[in-house]
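Reviewing the structure listed below.
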Amino acid sequence: MFWNVAISQENKVVDWNSDINFIKDELPKNHYNLYMVKTEQDFLKGLDQIAKQQNQLSNFEVAIKLQQLIASLGDLHTSLALNSFLDPNKLLPLGLMWFSDGIWVQFTTKDNEAILGSKLLKINDFPIQQVVDSLSTLTTIDNQATVKKTIPKMIPVLQVLECFGFSSSDSVQLQLESNGEIINTIIHPEKTERNNLMRVIPDPIPLCYQNERAFFWQSIQKKENVYYIQYNKCYSRENPPPAFRGDVQQLPSFNEFSDTLINTISRNNFDKIIFDIRFNGGGNSALGTELIKRLSAVEKANKKGKLYVITGRETFSSAIINAMDFKKKTNAILVGEETSGKPNHLGEIKFLKLPSSGVSLAYSTNYFKTTENNLKSIVPDQIIEQSFADFKEGRDPVYEWIVKQ
């Protein structure tokens with residue numbers, strides 16, 4: 001949504017009436033169907049209320065209220081890019097991850113090393129669940145996976161905490177739990193840079209984290225006789241990302257990758273074939289759809305108990321379409337966490353630029369229907385979540401469960 005920090009424009013004079021009128025006119029006109037959840041009257045009334053309040057609000061607060069209204073329309077792909085209003089000097093040095101047993105500090109700075117690997121309980125005496133509930137209004141909540149994916153990225157943004165009344169100064173008191181003991185500490189905004197970053201690193205590093213930045217990769221795990229395939233981005237040389245400006249020939253070829261997979265599976269007798277899309281946030285679904293079609297035709301692979309697909313909270317957009325491809329076209333068993341998007345969803349985004357603030361507004365231009373049921377998520381056949389202890393000690397409970405079957 002907006003958590004890549006740019007230079008703050010908080011002091012910029014913005015004609016919010018112009019921007020609000022632009023949203024009022026252009027978003028319904030360009031969006032595939034803006035009123036699938038709320039009515040036009042709800043939308044217009046919300047914009048009018050923000051217009052009336054604008055003089056009592058900062059630029060960031062106006063933008064936040066606009067984002068809340070847009071989020072309430074029920075489309076995860078439609079949102080404001082609010083990064084231009086974020087102040088890089090008002091970010092708390094907290095890298096948070098949501099595990100099965102709560103929200104934990106996965107990285108911070110050297111000055112705050114004592115809280116590394118601790119569980120977050122309260123912020124300025126507000127229970128963390130209260131903070132989560134309030135911040136959840138900033139995004140369309142299709143399911144709990146959406147909350148787990150997005151909220152840990154919002155909590156360290158001090159401006160957001162201030163907007164919701166959880167903070168009123170540059171110092172924030174945190175209550176945490178570490179090794180069964182309660183810790184109360186004061187934390188201040190601080191830039192996290194390579195030379196002052198402290199991080200909880202799994203030991204050993206599980207297979208799933210070893211190459212998660214790659215578009216896609218594969219590995220034969222000889223010890224378990226498992227063929228592991230990780231598909232992290234629905235982009236490739238054949239279908240580069242829309243904003244890519246480099247040499248597309250430097251991108252990996254998905255066609256070559258697909259050929260390698262099919263040939264490797266055909267030549268070997270693996271006990272298990274694992275297709276991991278738990279970190280895949282989408283792109284172009286056609287790539288995966290064609291591979292899954294080819295895979296479904298390989299009889300030795302397309303068997304119940306042989307083929308497994310790992311999903312998670314980051315599985316979104318086109319990756320959800322590919323997860324549904326597996327459910328429809330193969331005998332794959334889905335394992336892991338539910339996906340953060342719905343099987344039937346809006347997508348294929350384009351952008352509008354607000355005339356005064358310059359904020360980018362993403363909107364959906366298409367509707368993807370993959371099932372007759374209006375499901376809120378793809379729930380795997382076997383739900384397995386990772387605890388903080390699993391992460392810290394280098395265990396991937398999803399992979400381990402599959403190997404044991």
Side-chain angles (χ1 to χ4, degrees), residues 95-107 117 119 143-145 148-149 152 179 199-214 216-233 261 264-265 268-281 288 292 295 298 300-316 319-320 322-323 326-327 330-340 377-405:
L96 303 173
M97 291 182 69
W98 195 316
F99 294 94
S100 62
D101 47 352
I103 299 174
W104 295 72
V105 181
Q106 196 267 323
F107 70 80
K119 181 180 177 180
N143 46 60
Q144 188 62 21
K148 292 179 179 179
K149 180 174 77 169
N179 298 319
R199 183 185 297 271
V200 176
I201 299 176
D203 184 22
I205 298 177
L207 186 62
C208 65
Y209 294 128
Q210 290 180 9
N211 210 10
E212 60 182 305
R213 291 189 177 183
F216 35 81
W217 62 284
Q218 48 85 33
S219 174
I220 297 174
Q221 299 299 297
K222 293 183 179 179
K223 182 180 178 181
E224 297 96 0
N225 195 28
V226 166
Y227 190 35
Y228 178 80
I229 303 150
Q230 193 173 76
Y231 187 29
N232 296 324
K233 290 180 172 56
L261 297 189
T264 301
I265 291 169
N268 293 273
N269 291 310
F270 298 113
D271 290 340
K272 305 283 191 306
I273 298 168
I274 300 174
F275 205 94
D276 190 345
I277 56 173
R278 77 181 95 177
F279 304 126
N280 194 321
I292 295 162
L295 192 58
V298 182
K300 64 191 298 186
N302 189 17
K303 293 180 178 179
K304 200 77 170 180
K306 170 86 76 168
L307 180 62
Y308 293 83
V309 175
I310 301 177
T311 61
R313 69 189 68 166
E314 300 289 341
T315 309
F316 183 64
I320 288 179
N322 290 155
F326 272 111
K327 286 179 70 72
T330 75
N331 293 305
I333 297 171
L334 272 61
V335 188
E337 297 181 337
E338 65 176 350
T339 63
S340 61
S377 175
I378 297 177
V379 179
D381 302 300
Q382 181 70 31
I383 297 175
I384 300 176
E385 296 183 87
Q386 187 181 44
S387 68
F388 178 72
D390 288 333
F391 175 79
K392 185 178 180 180
E393 296 167 15
R395 297 192 298 267
D396 179 1
V398 182
Y399 182 87
E400 293 175 5
W401 183 88
I402 293 172
V403 170
K404 291 177 182 178
Q405 302 313 301

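Basis for what follows: all heavy atoms, side chains included, without hydrogens, waters or symmetry-related copies.
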Notebook entry, point to check: Is Lys149 positioned over the aromatic face of Phe316, cation under 6.0 angstrom from the ring centre and no more than 45 degrees off axis?
Noted result: yes

Within the distance-only criterion (no hydrogens, no angle test), does the side chain of [X] pair as donor or acceptor with the backbone N or O of [Y] below 3.5 angstrom?
X: Glu337; Y: Glu314; result: no
X: Asn232; Y: Glu212; result: yes
X: Trp401; Y: Ile384; result: no
X: Asp271; Y: Val226; result: no
X: Asp390; Y: Ser387; result: yes

Closest approach of [X] and [Y], non-hydrogen atoms and distance?
X: Leu295; Y: Phe326; value: CD2-CE2, 4.0 Å
X: Gln230; Y: Asn211; value: OE1-O, 3.7 Å
X: Ala332; Y: Asp381; value: O-OD2, 4.2 Å
X: Tyr209; Y: Pro202; value: CD1-CG, 4.5 Å
X: Pro380; Y: Gly336; value: CG-O, 3.3 Å
X: Lys306; Y: Ala301; value: CG-O, 3.5 Å

Review point. Hey, what's the ring geometry for Phe270 with Tyr227, parallel, tilted or perpendicular (30° and 60° as the breaks)?
Key: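 Parallel.
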
Checklist entry - Can you say whether the rings of Phe275 and Tyr231 are parallel (under 30°), tilted (30 to 60°) or perpendicular (over 60°)? => result perpendicular

Just wondering, do [Y] and [X] contact through their side chains at under 4.5 Å, heavy atoms?
X: Val335; Y: Ile274; value: no
X: Pro152; Y: Met97; value: no
X: Lys392; Y: Trp104; value: no
X: Asn280; Y: Asn322; value: no
X: Ile229; Y: Ile273; value: yes
X: Ile277; Y: Ile310; value: no

Evaluate side chain to side chain donor-acceptor pair (under 3.5 Å) for Gln405 paired with Tyr308, printing each intermediate quantity in order.
CA-CA 11 Å; Gln405 302 313 301; Tyr308 293 83; 5.5 Å; no

Atom [atom1] in [X], atom [atom2] in [Y]: separation rounded to 0.5 Å?
X: Tyr228; Y: Gln210; atom1: OH; atom2: CD; result: 8.5 Å
X: Arg313; Y: Glu338; atom1: CZ; atom2: CD; result: 10.0 Å
X: Asn143; Y: Ile378; atom1: CG; atom2: CD1; result: 10.5 Å
X: Lys272; Y: Lys404; atom1: NZ; atom2: NZ; result: 12.0 Å
X: Lys119; Y: Asp101; atom1: NZ; atom2: CG; result: 6.0 Å
X: Leu334; Y: Thr315; atom1: CG; atom2: OG1; result: 9.0 Å

Just wondering, are more than 12 heavy atoms of other shown residues or ligands nearer than 6.0 Å to NZ in Lys304? yes

Residues Lys148 and Glu385 bridged, charged N to O under 4.0 Å =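 Yes, this pair counts.
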
Taken in chain and number order and not counting sequence neighbours, the residues that satisfy salt bridge (charged side-chain N to carboxylate O under 4.0 Å, His left out) with Arg278 are Asp276, Asp396

